[in-house]
Amino acid sequence: MGQLRSAFKLMGFTDMIEVAMFADILTIKEAFEFNHLVKTTEDFFLTSCCCPVWFNMTKKNYSELYKHMSPSVSPMIASGRILKKLYPDCRVVFIAPCIAKKAEIKEEELKGAIDFVINFRELKEIFNALQINPAELPGEEKDQALSAEALRQNGRGKFFGKDGCQQDQPQQADKVKGEKSGRCGKL
């Protein structure tokens with residue numbers, strides 16, 4: 001991460017914050033929601049809110065399922081909202097694994113949290129155009145609320161871009177509740 005921070009500074013960015021911390025925070029929030037909303041074996045709760053394609057497909061085509069979805073925003077939106085509260089004049093650029101994040105920031109109820117989205121392919125093209133090779137740059141470490149080591153040991157937020165990672169959220173709910181519930185609704 002230190003080499004990427006150096007690359008972004010070469011591009012003119014002031015700072016870089018890893019969104020994994022916000023993903024971890026939202027996982028805990030959804031674990032509490034799960035424990036609050038799922039009381040019987042007939043109850044179910046859909047925890048995936050990070051993928052705008054999944055969220056909007058459920059909202060538009062499966063209204064019965066949509067009412068069982070978490071009201072949480074994605075880690076991207078949460079991070080932007082918090083950064084803008086801390087630094088009101090800042091511009092937030094999100095580096096995304098998926099182009100669907102570009103549409104997410106245009107949704108009426110989410111506008112203003114993120115100013116721009118650059119996907120991984122676009123970032124690679126920018127690095128190439130500016131002749132920036134992050135692997136060749138010196139690392140620059142900066143303390144964040146959770147260190148990279150703490151995230152590796154405890155946090156699952158780094159894996160939100162990986163297929164199926166949010167399937168772990170019911171297990172996070174079990175950790176919060178202190179027991180194994182085994183309740184999870186899936187499509």
A side-chain contact here means heavy atoms from C-beta on lying under 4.5 Å apart; do V117 and I95 qualify?
no
Evaluate the ring planes of F13 and F8, with Trp represented by its six-membered ring, and classify them as parallel (under 30°), tilted (30 to 60°) or perpendicular (over 60°).
perpendicular
Value for OG1 (T14) from NZ (K9), rounded to nearest 0.5 Å, stands at 8.0 Å
Does atom CD (E109) have a neighbourhood of more than 12 heavy atoms from anything else shown, all under 6.0 Å?
yes
Donor-acceptor pair, K39 side chain versus N35 backbone, under 3.5 Å?
yes
Is the backbone of T27 close enough, under 3.5 Å, to the side chain of E30 for a donor and an acceptor to pair up by distance?
no
When hydrophobic residues are tied together by side-chain contacts of less than 4.5 Å, even through go-betweens, does Y87 share a cluster with V19?
yes
Between atom SG of C98 and atom CE of M76, what is the distance when rounded to the nearest 0.5 Å?
10.0 Å
Compare all side-chain heavy atoms of K84 with those of D115 and state whether any distance is below 4.5 angstrom.
yes
Roughly how far apart are I82 CD1 and L86 CG, rounded to 0.5 Å?
7.5 Å
What closest approach, in Å, do P75 and F22 show between heavy atoms, and which atom pair accounts for it?
O-CB, 3.9 Å
Provide the closest heavy-atom pair for S72 versus L26 in the form atom of the first, atom of the second, distance.
CB-CD2, 4.2 Å
Tell me whether L37 at atom CG has more than 12 heavy atoms from other residues, nucleotides or ligands lying less than 6.0 Å away.
yes
Look at the side chain of R5 and the backbone N and O of M16, then say whether any donor-acceptor pair between them is shorter than 3.5 Å.
yes
Test I28 against D24 for side chain to side chain contact (heavy atoms under 4.5 Å, CB included), laying out the working first.
CA-CA 6 Å; I28 293 167; D24 287 332; 5.5 Å; no
Side chains of I118 and I126, heavy atoms from C-beta outward: is any pair under 4.5 Å?
yes
Would N56 and E104 count as having a side-chain donor-acceptor pair, cut-off 3.5 Å?
no
Using side-chain heavy atoms (C-beta onward) and a distance below 4.5 Å, is P71 in contact with E33?
yes
Give a yes or no on whether V53 and F120 share a hydrophobic cluster (residues Ile, Leu, Val, Met, Phe, Trp, Tyr; joining criterion: side-chain heavy atoms under 4.5 Å apart).
no
4.5 Å side-chain heavy-atom contact, K67 and K59:
no
In Å and rounded to the nearest 0.5 Å, what is the OH to CE distance from Y62 to M57?
5.5 Å
Ignoring hydrogens, what is the shortest heavy-atom contact between A7 and P134? Give both atom names and the distance.
CB-CG, 4.1 Å
To the nearest 0.5 Å, what is the distance between NZ (K111) and CD1 (I77)?
12.0 Å
Do you reckon L10 sits in the same ILVMFWY cluster as V93, going by side-chain contacts under 4.5 Å, direct or chained?
yes
Of I114, L110, V92, the residue whose pairing with R81 passes side-chain contact (heavy atoms from CB on, under 4.5 Å)
L110
Donor-acceptor pair, distance only, cut-off 3.5 Å: does the side chain of S6 make one with the backbone of P138?
yes
Could you tell me whether the side chain of K29 reaches within less than 4.5 Å of the side chain of F32, counting heavy atoms only?
no
Does any part of the side chain of M11, heavy atoms only, come nearer than 4.5 Å to the side chain of L130, both counted from C-beta?
yes
Is there side-chain contact between S74 and K101, with heavy atoms separated by less than 4.5 Å?
yes
Side chain to side chain contact (heavy atoms under 4.5 Å, CB included) for K124 and F127? Distances and angles first, verdict last.
CA-CA 5 Å; K124 182 180 180 194; F127 283 166; 5.7 Å; no
